[in-house]
2 protein chains.
Amino acid sequence: MRKARPTIYDVARLAGVSTATVSRALNGTGQIAPATRAMIDDAVAQLGYHPNTAARSLVTRSTQTIALLLPDITNPFYAALVSGIQERALETGHTMLLCTTEGDPEREEQYLSLLRAKQVDGVLVDGLVLPPDRITRFVREGLPIVCLDRDIDSTLVPLVQVDNRLGARLATEHLLELGHERIGHIAGPPDLGISDERIEGYRDALRAAGIAVDPELIAVGSFTEEGGYEAARVLSDKWDLTALFAANDLSAIGALSALVQSGRRVPEEVSVVGFDDLRLSRFTNPPLTTVHQPAGEIARHAAELLLELASGRPVERMRYFLEPGLVVRSSTAPPS
Amino acid sequence: MRKARPTIYDVARLAGVSTATVSRALNGTGQIAPATRAMIDDAVAQLGYHPNTAARSLVTRSTQTIALLLPDITNPFYAALVSGIQERALETGHTMLLCTTEGDPEREEQYLSLLRAKQVDGVLVDGLVLPPDRITRFVREGLPIVCLDRDIDSTLVPLVQVDNRLGARLATEHLLELGHERIGHIAGPPDLGISDERIEGYRDALRAAGIAVDPELIAVGSFTEEGGYEAARVLSDKWDLTALFAANDLSAIGALSALVQSGRRVPEEVSVVGFDDLRLSRFTNPPLTTVHQPAGEIARHAAELLLELASGRPVERMRYFLEPGLVVRSSTAPPS
DNA sequence: CTGTTAGCGCGTTCAA
DNA sequence: TTGAACGCGCTAACAG
């Protein structure tokens, strides 16, 4: 049987003071006589007392909880974000709810609604496909939200992301500089803004090099290994293609696999570039050339902003654009 | 300005009934006249009312929240667990706190303490290194806990895991059957029970085949790509080694990378087997032979047990041992 | 079927 | 520096 937990009242009685005094002692509010404090500490220890946060939340209106809402935690990039957020959150005693949506807009809204009911202090969203106005509605109702990788309405909801277009351009330029001219692109899911931004960066680079953009060379992936694998299969039928830029590392890994399995050597016959710079990407065969995203920095900035918002402090800057950087490893080489 | 949220009292007034009736209507408790229910629904919709879960938790003593405590979410195996848990949790309106410990026992205990204060309905723990009695203490205090991959005290805390020893034996036997005799092992962190279990399975197989276990052939990894990479470097100095069994897929991937980079061909010169069967492992070069763990099943069982425990229902079975299975792909072959 | 009345455990006035 | 009293928003008896 679980015995009833001691309450602040039990502590007060044992220490011979009022609950108000105990509360103050526990929260460091107001002045407490050293002797009283000692009595209280004793009582707390003796009883094994721990404040009930539900009761506390009811009066303070803060749950010391934030939420992270994203499509899929099995994508290591998202997982990397978690660490940074967690770290920052823990500093202020915040705890983190993780909610995965599988890219389903209804589930996104359902979760947002649930999170509001739970009175979470705020939510970090990434990769949502829900229409902007369905999101800002929650903000207007008082639920602080910070966006990653998608500009909803940055006067209202802060935004943190890398410059995706620039990153994609860097990747493509790298391929161009090596001498490639027929460069395929494995795009992300069509309903995600970052997919478009990365396509645009790819186009920018090609155009700047005076190369016509051939829509045939763009295949739709899904940001997964499987998607990259399939897309690479489709694209590699076009034998004049000598390089591939995948919109994220997971698809690049899938592409690597497809290419090698169909007997094409990387990078000798086909070069591959990814996007994300997962920890994993240093260990592929061959090690993957990719565009680095500072996941830790993104996470910390976002968490910082959210906590700022949640505490009612004014947010000095609503948008953070971090810079991506090309990391050259061994999956790229001049065409043969 | 965030306007004050409507309370159950506002709804009651607008609908012209008492708060008790509103509460009943909202929770489906007791019988409500259709007409009254309609009035209430109207009022709720008109006000945009959402119950305050903190207040509800205070009286029901249930937060509809569970927690998952593990070392590192960037390990895709753990990430895969999350999906299964989430899915099961959402069915009953439960939400999931994610807490990562980085393998630090102090942080583990700190989190457990925080979670208890938060009145979570229960916690799922995996990969903890905290001594058993420090964990059972929380259980005795009324915090339901379910363990994954580590038997703390299975009369008190349910356990769900694959048979690690068997899995490791299967992997090693596969190598043995291919004709390998000098088989290295990349172990997991020394303070984790599953590391030992997998080492034992490896030893079992060798002994059964009449091969002496050479401690020199066991290197300590860390369940990460980096750890696998380093360990493989060390082991591959022993040139008579023709096969490697890594205690998880991430280290196997690191090993693959180290091997190929030092010019050894896989599987022609060295065979590699992993453990976990990550989604990713189908896409390595070469595709990884590994031991399958049913992550989804593990997750669902564990979540089920926890929810059972949390609701006070009796748990019929305290231990679930799931069966691992060998998945042969292309990273293993007979020695040359 | 519905209303009245108590709390759930805590922070926070306002006095003392 | 401390205590009494109130209320946060909701559910759960107990009457009716």
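All values below come from the heavy atoms of this structure, side chains included, with hydrogens, waters and symmetry mates left out. Within every chain, numbering begins at 1; the chains are lettered A, B, ... in the order of the sequence lines, protein sequences first and strands thereafter. Since this is a predicted model, take the numbers as computed values, not measurements.
Rounded to whole Å, atom P of D:dC10 lies 12 Å from atom NE2 of B:His50. Protein atom CD1 of B:Ile8 is 5 Å distant from nucleotide atom P of D:dT11, rounded to whole Å. Between A:Tyr9 atom OH and D:dG3 atom P the separation is 12 Å, expressed in whole Å. In this structure, B:Ile40 atom CD1 and C:dT2 atom P are separated by 8 Å, rounded to whole Å. Atoms CG (B:Asn52) and P (D:dG7) sit 18 Å apart, rounded to a whole Å. Put simply, CE on B:Met39 is 17 Å from P on C:dC1, counting in whole angstrom units. Straight-line distance from the CG atom of A:Leu26 to the C1' atom of C:dG11: 11 Å, rounded to whole Å. Rounded to an integer number of Å, the gap from B:Leu47 CG to D:dG9 P is 13 Å.
Closest of all the heavy-atom pairs between B:Tyr49 and B:Ile8 is CE1-N, 3.5 Å. Across all their heavy atoms, B:Pro158 and B:Ile145 have their closest contact at CD-O, 3.4 Å.
To the nearest 0.5 angstrom, B:Tyr78 atom OH is 6.5 Å from B:Leu70 atom CG. A distance of 10.5 Å separates CZ of B:Arg300 from CG of B:Leu81, quoted to the nearest 0.5 Å.
Between B:Arg61 and the phosphate of C:dG9, there is a side-chain N or O to OP1/OP2 separation shorter than 4.0 Å. Residue B:Asn27 has a polar side-chain atom (N or O) positioned under 4.0 Å from OP1 or OP2 of D:dT11.
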Check against salt bridge (Lys or Arg N to Asp or Glu O under 4.0 Å), A:Glu106 and A:Arg134: CA-CA 11 Å; A:Glu106 289 190 28; A:Arg134 314 283 279 177; over 6 Å; no
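Taking the C1' atoms of five terminal pairs at each end of the helix from C:dC1-D:dG16 to C:dA16-D:dT1, the two resulting helix axes are inclined by 30°, rounded to 10°.
The side chain of A:Gln31 lies closest to D:dT1 when the candidates are C:dG11, D:dG9, D:dT1. Comparing D:dC10, C:dC10, C:dT2 by their closest approach to the side chain of A:Tyr49 singles out C:dC10.
B:Lys118 places no side-chain N or O within 3.5 Å of a backbone atom of B:Thr63 that could act as its donor or acceptor partner.
Paired with A:Ile66 under the rule side chain to side chain contact (heavy atoms under 4.5 Å, CB included), one option of A:Leu97, A:Leu307, A:Val120 passes, and it is A:Leu307.
At a threshold of 4.0 angstrom between heavy atoms, the contacts of A:Ser23 include nucleobase atoms, whether or not backbone atoms are also involved.
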Report each atom pair, protein N/O against N/O of nucleotides 3-6 of chain C, whose distance is under 3.5 angstrom.
residue : atom : partner : partner atom : Å
C:dG3   : OP2  : B:Ser18 : N            : 3.0
C:dG3   : OP2  : B:Ser18 : OG           : 3.3
C:dG3   : OP2  : B:Thr21 : OG1          : 2.7
C:dG3   : N7   : B:Arg24 : NH2          : 2.9
C:dG3   : O6   : B:Arg24 : NH1          : 3.1

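Pairs of residues two or more places apart, or lying in two chains, that qualify as side chain to side chain donor-acceptor pair (under 3.5 Å) and include a residue from residues 146-158 of chain B are B:Asp149-B:Asn164, B:Asp151-B:Ser154, B:Asp151-B:Arg319, B:Asp153-B:Thr155, B:Ser154-B:Arg319.
Looking at B:Glu308 and B:Arg317, no side-chain N of the basic residue comes within less than 4.0 Å of a carboxylate O on the acidic one, giving no salt bridge.
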